[in-house]
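Everything numeric in this text was worked out from a predicted model, so none of it was measured. In what follows, chains carry the letters A, B, and so on, assigned in the order in which the sequence lines appear, proteins first and then strands, with residues in each chain numbered from 1.
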Amino acid sequence: MDRRQLVVAYVVDGVRMSATQRDAYDDDGSPDSGASPSRPLSGPRQTIVAFPDGPLLVRGDFDIVDPDGKPLRRSRKTVALCRCGASVLKPYCDGSHKLIGFKTEPES
Amino acid sequence: MKQPEPRGPVSSLLLETLSGPEQRTSGSRELIAAVDEAVAATPDLAFDEDLQLTLFCLFELHYGGIDGVDDSWEWHPDLISERRRLEQAYESQLRSAVSLPALPAPTSAGVAAGLFQLTGDDGGPSMSRYVAKTASEEQVREFLIQKSIYTLKEADPHTWAIPRLTGRAKAAMVEIQADEYGGGVPERMHSALFAQSMRGAGLDDGYGNYLDAVPAITLASSNLMSMFGLNRRLRGAIVGHLASYEMTSSQANRLYARGFRRLGYDDATAAYFDEHVEADAVHEQIAGRDLAGGLVEAEPALLEDVFFGAAAAMTVDTWMTEHILGAWTAGSSSLRTSSTVSA
Ligand code: FES
C-alpha cells in the first residue's frame, strides 16, 4: 500500500523538532485505524504527552534537530523535553521543574 | 558471584550446606531451626549481619548464583522455607517502621501526585550533597563500593515484576527497563556504565566482589528489592519502589556527577551519573502515571502497597545513608573491612 509521509516541525525551547510520521494515515487521508493514540505498538505514530507540572514526553519515531537540521545529542528512544526552562540539559528535562515548583496550570 | 565469608551461625550453616550436593530429602532442616532461633533473637533484622547475608545469598541463587554452589539448590523447599521466614520477619519489621502518607484517590493522576509529594518531602540526610561538596577520594570509592551491591545488577530486581503486570503498567515497566538495559546497546546498560565508573575509580567491577566489605544495611537495601520483586503478592510494593527510585534520582545524580568531577574524575567515570539525570527525568513520569498509576487503576486494592513500597525504599535507604555518613563524620570507614579497598 502506498503510504504518505508527514513531517511535523515546531519549536520547543528554541529548538526545532521534526517528527517524520509514517504509516499513520491511510491512502484516503483518514487516520490509520490501527494506530493507538497513546502507546504505539510498532512506532507508527508519535505522541507528545504533556505531563502536568512537568515535561513533554515524546514517544515514537522522530528526530530532534537544531535550527540547521543537525541532529542533537540523543541517547534514548523516549525523551522528556523541558518546558519549565530550568533544565541544564536543554532541550531535555533534568527534573529541575520540581525544584522551582513549576506549575502548568495557573493556581486557582 | 564468589562465595562470601559467613557472618554468624546461620550464614555459616547455609554456605556449608550449599557447598555440598543438593539433598533431595530434608537434610537441611537444621537450617530452618537456626533461622527461627536467630530471627527470634535479633534486635534489629535490617542491621543483622548474619541474617541479611543469609537472605542475600538465598536471593542470589535466583540471580547469577554463587561460585561452587550447584544450580539445583535454587528451588530446594528447605531454602525457600528459610527464605520465607526471613522475608516475613523483614517485611513485618518494615510494615511497622515505615509510615505511610494519607493515600490519594486510586487514579493515575492521584497516585502520581501522591508519589511525587512523598518523594519530594524527603527530609533525610543527603548522600548526594555530601558527595558533591565534601567527600574525599577515599569516601567516594567507598560510596561506589556500597552502591555496587545493587547497581552492578541495576534494574534486575524490578524486572521480576514484568510477568505479574498487565496492560498499561506492564508496557510502562518494559519501556523503563528497556532503557535501563541500554536500549539494545550492552555498553549503555546502566550496570555497565556503573562498572565503568568503578574501573575509573580504580576499583574491581566484578559483581559481588566487595560483598564481604559491605555492612548488613547495604545488603538490606538490596534484599528489600529482591523480596518485593520475587513475591507476586508484593507487586504493588516493587512498583512503588521503582517509582520512588526514579523520582529521587535526577537531582541526586547531578550532585554525584559534580562530586566526581570536583575530585578530578573524567567524563567516562561520571557518565553513569550524567546518564541518570536525563534518563530518570523520563522514567519518573512514566513510573508515576503509567506504571504505578496504571497498576492502581487496574488493581485498586494495591494502592496501599504501592505507597508502602515507595516509603520502604526511602526508609531503608535513609538508614543506609545514616550509617555511611555517620561513619564518615566520625572519621572512620563505612565498610566492615577496608583492606579490600585498594586503588
Ligand atoms: S520540565 Fe523538567 S526541568 Fe524543565
Could you check B:Arg289 against A:Val49 for side chain to side chain contact (heavy atoms under 4.5 Å, CB included), going step by step and ending with a plain yes or no?
CA-CA 11 Å; B:Arg289 297 234 156 207; A:Val49 187; over 6 Å; no
For A:Leu89 versus B:Val277, what's the shortest heavy-atom pair and its separation?
CD1-CG1, 3.7 Å
Is it true that B:Glu175 and A:Lys77 have a side-chain N and a carboxylate O under 4.0 angstrom from each other?
no
Any chance you could measure A:Arg73, atom CZ, to B:Glu278, atom CD, to the nearest 0.5 Å?
4.5 Å
What heavy-atom pair brings B:Arg188 and A:Ser75 nearest, and what distance separates the two atoms?
NH2-CB, 3.6 Å
N/O donor-acceptor pair under 3.5 Å between B:Gln251 side chain and A:Asp94 backbone
yes
Do A:Leu57 and B:Val282 come within less than 4.5 Å of each other through their side chains, counting heavy atoms only?
yes
Side chains of A:Ser96 and B:Arg254, heavy atoms from C-beta outward: is any pair under 4.5 Å?
yes
Go through the atoms of B:Ala112 and report whether side chain, backbone, both or neither lie under 4.5 Å from a heavy atom of chain A.
neither
Heavy-atom nearest pair, A:Gly95 first then B:Ala281, reads N-CB, 3.8 Å
Would one find more than 12 heavy atoms of other residues, nucleotides or ligands at under 6.0 Å from atom CD of B:Glu304?
no
SB check A:Arg76 B:Glu275 (cutoff 4.0 Å):
yes
side-chain contact (heavy atoms from CB on, under 4.5 Å) partner of B:Gln285, the single match among A:Pro55, A:Pro52, A:Cys93
A:Pro55
Counting only heavy atoms from other residues, nucleotides and ligands, does the tally under 6.0 Å from CZ of B:Arg232 exceed 12?
no
